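See below for the structure under consideration.
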Amino acid sequence: MSSLQERIEALKTQALASLPKLSDESALNDFRVSILGKKGQLTEILKGMKDLSNEERPIIGALANDFRDKITDLIEEKKQELESSKLNAELAHETLDVTLPGNMHHKGTRHILTQTEEEIEEIFLGMGYEIVDGYEVETDHYNFERMNLPKDHPARDMQDTFYITEDTLLRTHTSPMQARSMDAHDFSKGGLRMIAPGRVYRRDTDDATHSHQFHQIEGLVVDKNITMADLKGTLDLVMKKMFGQDRKLRWRPSYFPFTEPSVEVDISCFKCGGAGCNVCKHTGWIEILGAGMVHPNVLEMSGLDSKVYSGFAFGMGQERIAMLRYGINDIRGFYQGDLRFLKQFA
Ligand code: FA5
């Protein structure tokens, strides 16, 4: 046997013994370079080929080629084996439990007063009303004078408020939107039907049912031949939609300078159904809104002929409606931002 053949056989024995012991890809790469690289052991051995006889050269060449092919295949196999065991180790380490709860994102909810307002708006939109926005900072002119409350009118005392200047104030009710809507409306194209929700202010002492700032929804319909029957039919329908078909309404004569006749509307108590309890102060009824037929002076101040046009108007307290619907016994809960209160209405 030639010495080259012996060296190849020895290299083969040694390589086959070392290969299984390699435990990572960089060791495997070093191993490959040490045998097959430019300065590798097989390359070195083959340099001796030039000294062989013509008979020996093809035999040794075939032997070397065999060894190179075999060791190349084995290195490739080992490489794949190392890669897959590395991947398996990573997978075992990074086990993902898809049944674990995810990261919950807290989702807020609309305020109960907003929800109440939207429900009422929905009902009126269904009846063809438009929704208008008003100004919380209002003029004395629109808040009082155009509502038939001239300066020094004693009924102004019922709605004292915060003044910014002598003629500019925080509005005490949403009623100024009656005058502003009539001013803006083109009556040659037909009647006016609107509601105006919004925040109002009064110099009231805060207690369980009163706040110095609260919300109202104004309603106004002005057209030819509007009568009190229209007002009664409209409010009957809206209140039954809000509070249920078995609720009864009671109409009491009242006084507002901007309506004539004026009424206050009570609803049969949601808690006792009319028998009398602590919620309705043992009367069976709870006051819910003020309303009436638009005073001729208010129509005339908007340039309308009160012999041709008539209308009805109403103003309801949003907090009052929400309190009645959900049995809330303190108005201050709406404004304190206590999540324990607010989350009940999510
Ligand atoms: C008015 O404000 C009239 N503008 C309503 C009106 C409009 C009558 C159109 C006729 C025609 P009143 O002051 O009664 O009326 O208030 C109406 C509603 O607002 C009350 O029924 C009540 O629900 C609510 N409200 C009044 N004052 C307070 C207060 N301090 N805190 C909370 N809600 C209040």
Side-chain angles (χ1 to χ4, degrees), residues 113 116-117 120 132 134 136 138 142-149 153 155-162 169-182 192-222 226 228 230-232 234-235 238-239 242-243 249-267 280 285-299 310-325 328-335:
L113 284 178
T116 306
E117 181 182 317
I120 296 171
V132 297
E136 289 178 29
E138 191 46 285
Y142 277 107
N143 194 80
F144 289 128
E145 287 183 38
R146 292 289 296 275
M147 289 294 101
N148 207 23
L149 279 146
H153 192 292
R156 282 193 178 207
D157 288 350
M158 293 193 296
Q159 296 189 8
D160 194 11
T161 185
F162 306 89
L169 45 86
L170 295 183
R171 67 175 175 186
T172 57
H173 51 176
T174 43
S175 297
M177 286 313 292
Q178 290 186 31
R180 286 188 179 276
S181 301
M182 282 190 278
L192 166 66
R193 281 169 185 70
M194 71 83 174
I195 59 165
R199 189 176 291 145
V200 303
Y201 303 82
R202 284 189 198 174
R203 200 185 146 279
D204 272 354
T205 309
D206 291 358
D207 63 21
T209 52
H210 293 86
S211 166
H212 61 280
Q213 57 95 50
F214 57 101
H215 298 77
Q216 288 187 334
I217 296 183
E218 193 77 12
L220 175 70
V221 171
V222 177
I226 299 293
M228 192 117 183
D230 297 312
L231 170 63
K232 199 160 183 297
T234 304
L235 289 182
V238 173
M239 290 303 136
M242 287 298 291
F243 293 101
L249 292 189
R250 184 173 77 169
W251 298 65
R252 280 185 291 115
S254 184
Y255 172 74
F256 296 104
F258 34 92
T259 45
E260 181 59 37
S262 302
V263 289
E264 243 150 339
V265 180
D266 301 333
I267 188 163
C280 57
W285 300 96
I286 297 165
E287 182 203 314
I288 194 136
L289 57 87
M293 300 306 291
V294 181
H295 196 291
N297 288 355
V298 174
L299 295 171
S310 56
F312 68 74
F314 56 84
M316 42 182 132
Q318 269 182 51
E319 283 82 351
R320 180 64 63 88
I321 290 178
M323 288 170 86
L324 290 174
R325 274 190 96 185
I328 297 165
N329 57 14
D330 197 322
I331 197 170
R332 288 166 285 207
F334 291 118
Y335 317 119

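Along the sequence shown, residues are numbered consecutively beginning with 1. Computed from a predicted structure; not experimentally measured. Indexing begins at 1, ligand by ligand and atom by atom, following the structure's order.
- At a 3.5 angstrom cut-off on N or O pairs, R320 does not count as close to ligand 1.
- The protein heavy-atom contact nearest to atom 20 (C) of ligand 1 is E287 OE2, 4.1 Å.
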Practice problem: For the pair L170 and Q213, evaluate side chain to side chain contact (heavy atoms under 4.5 Å, CB included) and give the outcome as yes or no after the intermediate values. | Solution: CA-CA 10 Å; L170 295 183; Q213 57 95 50; over 6 Å; no
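- For S175, a nitrogen or oxygen atom sits less than 3.5 Å from a nitrogen or oxygen atom of ligand 1, counting backbone and side chain alike.
- Atom 24 (C) of ligand 1 has as its closest protein heavy atom F214 CE1, 3.8 Å.
- For H173 and F256, the ring centers sit 6.0 Å or farther from each other.
- Nearest protein heavy-atom contact of atom 17 (C) of ligand 1 is Q216 NE2, 3.4 Å.
- When hydrogens are left out, the protein atom nearest atom 2 (O) of ligand 1 is R202 NH2, 2.8 Å; that is the closest non-hydrogen contact.
- The shortest N or O to N or O distance between S211 and ligand 1 is below 3.5 Å.
- Which parts of ligand 1 touch A313 is read off a 4.0 Å heavy-atom cut-off, strictly below it: atoms 9 (C), 11 (C).
- Proximity of R202 to F214: side-chain heavy atoms (C-beta onward) are separated by under 4.5 Å at one or more points.
- Of the protein's heavy atoms, F258 CZ, 3.7 Å lies nearest to atom 3 (C) of ligand 1.
- Annotation: salt bridge (Lys or Arg N to Asp or Glu O under 4.0 Å) contacts involving residues 257-266, sequence neighbours excluded, comprise R250-D266, R252-D266.
- Here's the thing with Q178: none of its N/O atoms is less than 3.5 angstrom from an N/O atom of ligand 1.
- By the side chain to side chain donor-acceptor pair (under 3.5 Å) test, D330 pairs with R332, sequence neighbours left out.
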Quiz item: Which is it for R171 and Y142 under the side chain to side chain contact (heavy atoms under 4.5 Å, CB included) test, yes or no, and what are the steps along the way?
Solution: CA-CA 9 Å; R171 67 175 175 186; Y142 277 107; over 6 Å; no
